[in-house]
Protein chains: 2
Amino acid sequence: MARTQGSRAEITGPLIRDEARRLFARQGFAAVSMRQIAAAVGVQAGALYAYTDDKQALLHELLQSHMQDLLGAWRDDPAADPLTRLEAFVRFHIGFSLDHSDAVFLSYMELRNLTPENFQDIAELRGRYEDGLHRILCDGIEAGVMRVADSRLATMALIAMLTGVTNWYREGGRLDRRRIGDVYWALTRGAVGAD
Amino acid sequence: MARTQGSRAEITGPLIRDEARRLFARQGFAAVSMRQIAAAVGVQAGALYAYTDDKQALLHELLQSHMQDLLGAWRDDPAADPLTRLEAFVRFHIGFSLDHSDAVFLSYMELRNLTPENFQDIAELRGRYEDGLHRILCDGIEAGVMRVADSRLATMALIAMLTGVTNWYREGGRLDRRRIGDVYWALTRGAVGAD
DNA sequence: GTCTATACAGGGATAGAC
DNA sequence: GTCTATCCCTGTATAGAC
């Protein structure tokens, strides 16, 4: 913040993304100025443009790398039994969402501020993730260990329910993550008729 | 839009709210200008200030009246059996959310753009609504017709799941509302262990 | 790579005429 | 109640020095 000159490309790039993610999540993409991001990083506004084409590109990069991290971090074993896979999904999704709550919030709230091309790109990545859960439900139904009236709706309903933890979870609150995972897994198991 | 002069207070006031709600929901509070709202209504920007103190007050009024409509529209009968009450809640919440999807979206996305006082006001109203569902779950548990590990978490989880319909529902899509209500009620019934 | 300075557009809000 | 005109601020993005 007090620095005047000097080149530190290795750390400034990531820092810009970190601060932009944080600020966009807290105040909204449109409400955050490039000056504000620059101030948080400790550079002048003009310096940001050495790292990103413009504000839109910055948002797109944030959402894109988040979705890629999400897809890369999730491991599904199609050979395992569907209930085990579903439980793994539930715990993974909750944990990942809480670990990346700013990015998760951005991915739901700021899609509307993407250009059509960038929106398509992110929507495609999200669809791939949703398909992963959908496959588990279909396998579970086929195996006779789950029972839902509409697997597509159940997919959307479960993701909305699980992602909702980010709305109320506060670090150091009443419940730890393990316990939250237990509760949500119980709700999920019931919802898919696996009891 | 082409009008030059003339007073039509009766219709301009509501129109401002309608257009502001629509635009805020689609583009975000910060991204929408007062000039843009005025253009949608068919007046000049200055005319808006005859109806609202400022942009912040406009947002607050929208969220406040939405929450009051929501609370006013929901009828719970504490004397009825808990499963009947829960089903009524599920169908009501889905229907109301779809009927007021812009306002629902606003209520989740733009809380961060409220001043602290205004935020408190809206949070209090929302808490009252959540408490209503919580009471149903507690009554159901006590009556032995529901089984959840944590009634507070279940409350938040169910509301998130149900509100999620607004993320994917499109008028004239694959499913009508009755059918969507059926599917979500089945998911809910299972989640609370009522099968 | 970062700075300072700046171009240029658009923002919220107000004043005074009608 | 609405219009036109305007104040003043802030926004994104760029240019050129260091």
Side-chain angles (χ1 to χ4, degrees), chain A residues 1-24 26-63 106 110 112-115 118, chain B residues 1-63 106 110 112-115 117-118:
Chain A
M1 190 64 225
R3 180 162 51 100
T4 49
Q5 289 269 0
S7 165
R8 326 190 279 176
E10 336 72 53
I11 69 164
T12 300
L15 215 55
I16 288 172
R17 297 188 180 205
D18 289 346
E19 295 297 341
R21 186 185 308 111
R22 196 176 60 84
L23 290 166
F24 287 165
R26 277 166 183 58
Q27 306 177 42
F29 174 73
V32 175
S33 70
M34 294 298 266
R35 288 192 233 270
Q36 204 178 341
I37 298 168
V41 172
V43 297
Q44 294 297 316
L48 300 181
Y49 293 88
Y51 296 91
T52 185
D53 279 353
D54 53 25
K55 203 183 170 190
Q56 167 71 210
L58 185 52
L59 176 62
H60 180 226
E61 286 160 21
L62 286 175
L63 296 189
L106 269 190
E110 300 298 354
R112 62 188 175 185
N113 279 308
L114 291 172
T115 61
N118 289 342
Chain B
M1 188 69 225
R3 178 163 49 101
T4 47
Q5 290 271 359
S7 166
R8 324 191 280 176
E10 337 72 51
I11 70 164
T12 300
L15 216 54
I16 289 173
R17 296 187 179 206
D18 288 346
E19 296 295 341
R21 186 185 309 110
R22 196 175 59 85
L23 289 167
F24 288 164
R26 276 164 186 59
Q27 306 177 45
F29 175 73
V32 175
S33 70
M34 294 297 267
R35 290 190 229 271
Q36 202 177 343
I37 298 169
V41 172
V43 296
Q44 293 298 314
L48 299 182
Y49 292 87
Y51 296 90
T52 185
D53 281 352
D54 52 24
K55 203 182 170 189
Q56 167 71 210
L58 186 52
L59 176 62
H60 181 225
E61 287 160 21
L62 286 175
L63 297 189
L106 269 189
E110 301 298 354
R112 61 191 175 183
N113 279 308
L114 291 171
T115 61
E117 301 77 28
N118 289 343

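All values derive from a computational prediction rather than experimental measurement. The sequence lines fix the lettering, A, B, ..., with proteins before strands; numbering per chain opens at 1.
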**Q** Please give, in whole Å, the distance from D/dG1 C1' to B/L15 CG?
**A**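 After rounding, the reported distance stands at 14 Å.
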**Q** side-chain hydrogen bond (donor to acceptor under 3.5 Å, both in side chains) with B/Q44: which residues, sequence neighbours excluded?
**A**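 side-chain hydrogen bond (donor to acceptor under 3.5 Å, both in side chains) list for B/Q44, sorted by chain: empty.
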**Q** Can you figure out which of D/dA13, C/dC3, C/dA13 approaches the side chain of A/D54 most closely?
**A**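 The listed nucleotide nearest to A/D54's side chain is D/dA13.
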**Q** Considering only D/dA13, D/dT4, C/dG1, which nucleotide approaches the side chain of B/Q44 most closely?
**A**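 So the side chain of B/Q44 is nearest to D/dT4.
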**Q** Who pairs with B/R112 by side-chain hydrogen bond (donor to acceptor under 3.5 Å, both in side chains), at least two apart in sequence or on another chain?
**A**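 By the side-chain hydrogen bond (donor to acceptor under 3.5 Å, both in side chains) rule, B/R112 matches A/E110.
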**Q** Could you tell me how far apart B/I11 (CD1) and D/dG1 (C1') are, to the nearest whole angstrom?
**A**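 Rounded to whole Å, this separation is 12 Å.
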**Q** CD of A/Q56 versus P of D/dG11: gap in Å, rounded?
**A**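 Going from CD in A/Q56 over to P in D/dG11 covers 18 Å.
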**Q** Hey, does A/I16 have a side-chain heavy atom less than 4.5 Å from the side chain of A/V43?
**A**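 Contact flag for A/V43/A/I16 side chains = no.
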**Q** Side chain of B/A47 only, heavy atoms from C-beta on: which candidate in C/dG1, C/dC3, D/dC3 is closest?
**A**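 Output: D/dC3.
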**Q** Report all side-chain donor-acceptor pairs from residues 23-42 of chain B shorter than 3.5 Å, counting only partners two or more places apart or in another chain.
**A**
unit_1	atom_1	unit_2	atom_2	d
B/R26	NH1	B/R22	O	3.4
B/R26	NH1	B/D102	OD1	3.2
B/R26	NH1	B/D102	OD2	3.1
B/Q27	OE1	B/Q36	NE2	3.2
B/S33	OG	B/Q36	N	3.0
B/Q36	OE1	B/S33	N	3.4

**Q** Considering only residues two or more places apart or on different chains, which pairs with a residue in residues 48-61 of chain A satisfy salt bridge (charged side-chain N to carboxylate O under 4.0 Å, His left out)?
**A**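 Output for this query lists A/R17-A/E61.
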**Q** When you get a sec, tell me which of D/dT2, C/dT2, C/dA13 is the closest nucleotide to the side chain of B/T12?
**A**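 Given the options D/dT2, C/dT2, C/dA13, the side chain of B/T12 is closest to D/dT2.
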**Q** How long is the line joining CD of A/Q36 and C1' of D/dT12, in whole Å?
**A**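 After rounding, the gap between these two atoms is 14 Å.
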**Q** Check DNA chain C against residues 17-27 of chain B and give the residues with a non-hydrogen atom under 4.0 Å, in numerical order.
**A**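 Correct list: empty, so none.
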**Q** Counting only side-chain heavy atoms from C-beta out, which of C/dG11, D/dA13, C/dT2 sits nearest to B/S33?
**A**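 Closest nucleotide to the B/S33 side chain: C/dG11.
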**Q** Using whole Å, what does the distance between atom P of nucleotide C/dT4 and atom CG of A/L48 come to?
**A**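 Atom-to-atom, A/L48 to C/dT4, this comes out as 14 Å.
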**Q** So which protein nitrogen or oxygen atoms get under 3.5 Å of nucleotides 5-8 of chain C's nitrogens or oxygens?
**A**
none

**Q** Expressed as a whole number of angstroms, how long is the span from B/I16:CD1 to D/dT2:P?
**A**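 In whole Å, D/dT2 P lies 7 Å from B/I16 CD1.
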**Q** Atom CG of B/L63 and atom CG of B/N118: how far apart are they, to the nearest 0.5 Å?
**A**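 Rounded to the nearest 0.5 Å, the CG-CG separation comes to 9.0 Å.
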**Q** To the side chain of A/Y49, which of C/dG12, C/dC3, D/dT12 is closest?
**A**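 Comparing C/dG12, C/dC3, D/dT12 against the side chain of A/Y49, the answer is D/dT12.
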